[in-house]
Number of protein chains: 2
Amino acid sequence: MAHISSADYDPADFPPFAVTADLVVLTVRDDALCALVVRRGEEPYAGRRALPGGFVREREDLRDAAVRELAEETGLTPGAVHLEQLATYGAPDRDPRMRVVTVAHLALAPDLPTPAAGGDAAGAEWCPVEELLAGGGAELAFDHAAILRDGVERARSKLEYTPLGAAFCRPEFTVAELRRVYEIVWGVTLDPRNFHRKVTRTEGFLEPTGATTSRDGGRPAQLFRRGGVEVLYPPLLRRTP
Amino acid sequence: MAHISSADYDPADFPPFAVTADLVVLTVRDDALCALVVRRGEEPYAGRRALPGGFVREREDLRDAAVRELAEETGLTPGAVHLEQLATYGAPDRDPRMRVVTVAHLALAPDLPTPAAGGDAAGAEWCPVEELLAGGGAELAFDHAAILRDGVERARSKLEYTPLGAAFCRPEFTVAELRRVYEIVWGVTLDPRNFHRKVTRTEGFLEPTGATTSRDGGRPAQLFRRGGVEVLYPPLLRRTP
DNA sequence: CCAAAAGTGTTATCGCTACACCCATGT
DNA sequence: ACATGGGTGTAGCGATAACACTTTTGG
C-alpha cells in the first residue's frame, strides 16, 4: 500500500474514521492521585465510568480539541494546567459501534478550589486512580483503563526529569507541598531535608516569591513559583536500589 | 460537545477523517544518523521527499499498519527492529486535499546489509537526518520535518535511559560499535574507557556471547547481545555541564 | 514551654570524569 | 617491532542518603 501521496491516491481509497480527543486529567487530592471521570449513560458500557473526551471537529487541530474538552469539563485553560499529547489508540474493536481512533492527552492540574462537578460540566468527578484501576480497571469503559495507566506512568516519569510536579500545585507553593506531590504520585516517602536541598538547588526548578506562609503549621515556609526550565539536570530519580 | 458515548451520539455527527501511519525509521550509517525517505511523484509536494507511510486499513490496528508499512519499505519485521508509537499529527491543513490524521511511529534499525532500495520497495532510501532538516526541513513534504525532528529527539532521549542504542547495532556487537551509535546519535564524543565500564557494569544492558571479533582492528573485542532490561539504572545522561 | 514543621550541616558512599597504563591482535 | 584499538586502575569531584541539629512559628 502506498502513502497517501503516491500515484494511486484516490479519495475513495481510504476507510473513514471517527477521531476523538480523550483526556487523562490528573490531580493530587486528599493524599491520593485522582483522575477526572464521567459516568456513561448509554450503551455500550452504560453506567460505567469513562475518561472525558469527544469528537475532533471538522477543522480543529488535535490539541485544540483537547483544550476545548478540558475547558468544558473543568473550566481550566492551558496556562493553569499542563497539557500534552499522550498517545493514540485505535484498535479496530475498541468501540463496538464504529471505527474510532482516539488521541489521548494528559493534563496535570492543581487541586481545584471549585470542584469540576459544579457549573456547566455536571457529571465529571475526581476519582482515585488506584480505585479506577483496581481489578484490572474493569470499571472503566472501552480501553480507558489502558489509557489511564499509560497517563499515570507518563506523569510518574515526567516528575523525574521535568519540573512538572509543580503543575499539581497552586501557583505559589511550598517545598513541602511539592514533596507531597512526589510522594503521592510515586507512592514513596522522601526525606524532607534532602528533597528541600535538591529542589531548591536545581537551577531553574523553583523561583522564590519572597513571601512565606504558615498554612502547613510549624515554622513558616518560603513560597515558590515554577521556574523557567523544561528539563531538570540532574533529574530526581525514583527508586533506591 | 459530548463524548462519543453520550446521549446525543449519532453516526452522522462526526466528521470523517483519513488515518495514516507514517514512519520515522532511523539507522546509523556511514557515521551519520539517517532516516528512510521516499521521493514523491505527485502533487502536492511533487519531487520532494517524504516519510514512508500509508493508510490504516479498515480493520487494522495502528501498530499493525506501521508494521506492515515497515515491512513493505524495508523488509524488516519487529524483532529485527524496535518500533514504537511516536505521536499523532492532525492539523486541519497538513494535507491540502483532505483531513488526514497521521499516527507517526519511530523505528530504530541496524544498518541494513541489503539496502532498502532493492527488491519490492524501490524508491525508499537512507538520507542523513542533518541533510533532511537543513534549512528548517523545507525539503520534506507536509509536516514531515516536524515529525522527523520529534522522532530524532525521542531517539536521543531514549538512548539515555533505555538500552535501545543496541537496536541500531547488529544482533551481536562490540562495545565500540555501541559507543559509535551514541556518539553519532548524540553528536558528541565519549571516552571509550569510561563508556566501556559504564555499559558493561549496568546490570542487564549487555549480555556477553563469549565470542570475540577483530573486525574493528586492534585487539579483538568481546561480542555482546542486548540484555533483558527495559530501563537503565542509572541512566547514561548526555551533556557535561 | 512544647509540638510541629522548615531549613542547615556533616559524613559516608556512589557514580562519574579524566587520564595513566597494560593487553592482544594485524602488519 | 609497532600501530591500533580493547580493556583495567585510580584519584578527584560532585551528587546522594542518612541523620544530627538549629530555626521559627502556633498553642
>> Report for the helix from dC1(C)-dG27(D) to dT27(C)-dA1(D): angle between first-end and last-end helix axes, five pairs each, rounded to 10 degrees.
In response: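 That helix has its two terminal axes inclined by roughly 0°.
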Please name all residues satisfying salt bridge (charged side-chain N to carboxylate O under 4.0 Å, His left out) with [X], sequence neighbours left out, ordered by chain then number.
X: Arg215(A); result: Glu177(A)
X: Lys158(A); result: Glu84(A)
X: Asp61(B); result: none
X: Arg48(A); result: none

>> Please tell me if Lys198(B) has a side-chain N or O lying less than 4.0 Å from either OP1 or OP2 of dC16(C).
In response: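 Affirmative; the distance criterion is met.
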> Less than 4.5 Å apart, any side-chain heavy atom of Leu26(B) and any of Phe168(B)?
Replying inline: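 They are in side-chain contact.
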Pull out every protein N or O sitting under 3.5 Å from an N or O of nucleotides 8-12 of chain C, one pair per line with the distance.
residue	atom	partner	partner atom	Å
dG9(C)	N7	Arg197(A)	NH1	3.1
dG9(C)	O6	Arg197(A)	NH2	2.9

> Is there any side chain to side chain donor-acceptor pair (under 3.5 Å) pair reaching into residues 217-227 of chain A, and which pairs are they, with sequence neighbours excluded?
Replying inline: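 Qualifying pairs, neighbours excluded: Glu172(A)-Arg225(A).
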> In chain order, what residues pass the side-chain hydrogen bond (donor to acceptor under 3.5 Å, both in side chains) check against Gln85(B), with sequence neighbours excluded?
Replying inline: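 Partners of Gln85(B) under the side-chain hydrogen bond (donor to acceptor under 3.5 Å, both in side chains) test: none.
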Near DNA chain D, counting only heavy atoms under 4.0 Å, which residues of [range] show up?
range: residues 210-219 of chain B; result: Asp216(B), Gly217(B), Gly218(B), Arg219(B)
range: residues 161-178 of chain A; result: none
range: residues 180-191 of chain A; result: Asp191(A)

>> According to ring pair (Phe, Tyr, Trp, His ring centres under 6.0 Å), who are the partners of Tyr161(A), at least two apart in sequence or on a separate chain?
In response: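 Ring pair (Phe, Tyr, Trp, His ring centres under 6.0 Å) check on Tyr161(A) returns nothing, list empty.
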